[in-house]
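These notes are about the structure you will find just below.
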Protein chains: 2
Amino acid sequence: MTATAKARLKSQARVLKALAHPTRLFIVEELSRGERCVCELTEMIGVEMPTVSRHLSLLKNVGIIEDEKRGTQVFYRLMTPCVMKFLGCLGGVEASFRK
Amino acid sequence: MTATAKARLKSQARVLKALAHPTRLFIVEELSRGERCVCELTEMIGVEMPTVSRHLSLLKNVGIIEDEKRGTQVFYRLMTPCVMKFLGCLGGVEASFRK
DNA sequence: CGAATACTTAGCGATATTGCTAAGTATATG
DNA sequence: CATATACTTAGCAATATCGCTAAGTATTCG
């Protein structure tokens with residue numbers, strides 16, 4: 001394993017790790033339908049806002065989503081719609097395992 | 001969020017979590033080129049065999065790989081080549097973030 | 001300005017993950 | 001049978017993650 005390969009794997013793992021949580025997967029799916037503010041997401045998810053906020057900043061840190069403040073609200077947008085194809089495939093993986 | 005949606009997200013997150021580690025990503029990539037025994041993977045990765053073995057059983061538990069014992073060796077195979085397309089897309093995600 | 005709303009950050013305890021070493025299991029081999 | 005090889009399992013310490021509450025920041029509104 002070269003150092004380059006190692007760096008690439010680490011970087012890819014970082015993105016996967018960011019996606020690897022039910023709440024964050026929900027956020028990504030929801031944002032794929034359009035931008036949402038933190039309060040909307042919080043209500044849909046059903047955990048405290050600080051918790052949602054932390055999930056959001058995690059996704060933002062790896063470049064999957066982006067935020068924009070408008071008034072007192074902060075709206076988040078999906079930056080990499082590619083992630084959705086990704087998740088579509090994922091459905092196949094579990095299905096193939098369950099059968 | 002319905003209970004069904006919750007269960008699906010949890011299941012998907014489980015698969016992503018299994019992939020979300022540099023060593024396990026390496027294993028998946030390597031197995032996409034053909035089956036490998038634990039000792040081969042161990043040598044390539046450069047950590048102790050028990051550690052590799054645990055990464056392998058994690059991947060096996062979510063149905064991504066499968067094992068077969070032949071003599072004293074255990075060979076692992078990729079069960080869901082779909083995962084590779086998945087990872088191809090991943091390259092795009094990081095690239096789009098870095099630029 | 002003062003209060004309210006929408007968020008984020010910090011800090012905490014509970015739990016999960018990671019890699020290690022040591023010990024256990026199973027198959028081949030002298 | 002005894003030893004070696006290939007692997008897995010168990011147990012441990014270090015570290016990371018998760019959700020919470022409390023406290024801080026920023027913008028709006030009376």
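As the structure is a computational prediction, the values presented were derived from the model and not from experiment. Quick note on labels: first sequence line is chain A, next is B, and so on, each numbered from 1.
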Exercise for the section: Assign A:Phe75 to base, sugar-phosphate, or nothing according to its heavy-atom contacts below 4.0 angstrom with the strands shown. Expected result: nothing
With a 4.5 Å limit on heavy-atom distance, are the side chains of [X] and [Y] in contact?
{"X": "B:Val28", "Y": "B:Met84", "answer": "yes"}
{"X": "A:Pro22", "Y": "B:Lys6", "answer": "no"}
{"X": "B:Leu41", "Y": "B:Met44", "answer": "yes"}
{"X": "A:Cys37", "Y": "A:Glu40", "answer": "yes"}
{"X": "A:Ile64", "Y": "A:Leu78", "answer": "yes"}
{"X": "B:His21", "Y": "A:Lys17", "answer": "no"}
{"X": "A:Ile27", "Y": "A:Ile45", "answer": "yes"}

Is [X] near enough to [N] that one of its side-chain N or O atoms lies under 4.0 angstrom from OP1 or OP2?
{"X": "A:His21", "N": "D:dG19", "answer": "yes"}
{"X": "B:Tyr76", "N": "D:dA6", "answer": "no"}
{"X": "B:His55", "N": "C:dT17", "answer": "no"}

Rounded to whole angstrom units, what separation is found between the [atom1] atom of [X] and the [atom2] atom of [N]?
{"X": "B:Lys17", "N": "C:dT18", "atom1": "NZ", "atom2": "C1'", "result": "13 Å"}
{"X": "B:Leu56", "N": "C:dT17", "atom1": "CG", "atom2": "P", "result": "17 Å"}
{"X": "B:Glu68", "N": "D:dC7", "atom1": "CD", "atom2": "P", "result": "13 Å"}
{"X": "B:Leu9", "N": "D:dC18", "atom1": "CG", "atom2": "C1'", "result": "17 Å"}
{"X": "B:Gln73", "N": "D:dA6", "atom1": "CD", "atom2": "P", "result": "6 Å"}
{"X": "B:Leu41", "N": "D:dA6", "atom1": "CG", "atom2": "C1'", "result": "13 Å"}
{"X": "B:Leu59", "N": "C:dT17", "atom1": "CG", "atom2": "C1'", "result": "14 Å"}
{"X": "A:Glu43", "N": "C:dC7", "atom1": "CD", "atom2": "C1'", "result": "16 Å"}

Handout entry: Contact letters for nucleotides 23-30 of chain D, in which S counts primed atoms plus P, OP1 and OP2 and B counts the base, heavy atoms under 4.0 Å
Key = ---SBS--
Handout entry: Whether over 12 other heavy atoms sit under 6.0 Å from A:Glu43 CD
Key = no
Closest approach to the side chain of [X], judged atom by atom: which nucleotide of [options] is it?
{"X": "A:Val38", "options": "D:dG19, C:dT8, C:dC20", "result": "C:dT8"}
{"X": "B:Cys37", "options": "D:dC20, C:dT8, D:dC7", "result": "D:dC7"}
{"X": "B:Leu58", "options": "C:dT18, D:dA6, C:dC7", "result": "C:dT18"}
{"X": "B:Ser53", "options": "C:dG19, C:dT8, D:dT9", "result": "D:dT9"}
{"X": "A:Glu48", "options": "C:dT8, D:dT21, D:dT8", "result": "D:dT21"}
{"X": "A:Met49", "options": "C:dA6, C:dA16, C:dT9", "result": "C:dA6"}
{"X": "A:Arg54", "options": "D:dC7, C:dG19, D:dC18", "result": "D:dC18"}

Handout entry: Spacing of A:Leu31 atom CG and A:Thr80 atom OG1 [to the nearest 0.5 Å]
Key =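 So the gap between those two atoms works out to 10.0 Å.
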Problem - Gap between atom CZ of A:Phe26 and atom CZ of B:Arg8 - 0.5 Å precision - result: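 Here the rounded value is 9.5 Å.
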Handout entry: Axial bend angle, the helix from C:dC1-D:dG30 to C:dG30-D:dC1: five-pair end segments, nearest 10°
Key =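 One end's axis against the other's: 10°.
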Practice task
Hey, which sits more toward the 5' end of DNA chain D by its nearest nucleotide, B:Cys39 or A:Arg24?
Solution key: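 Closer to the 5' end of DNA chain D: B:Cys39.
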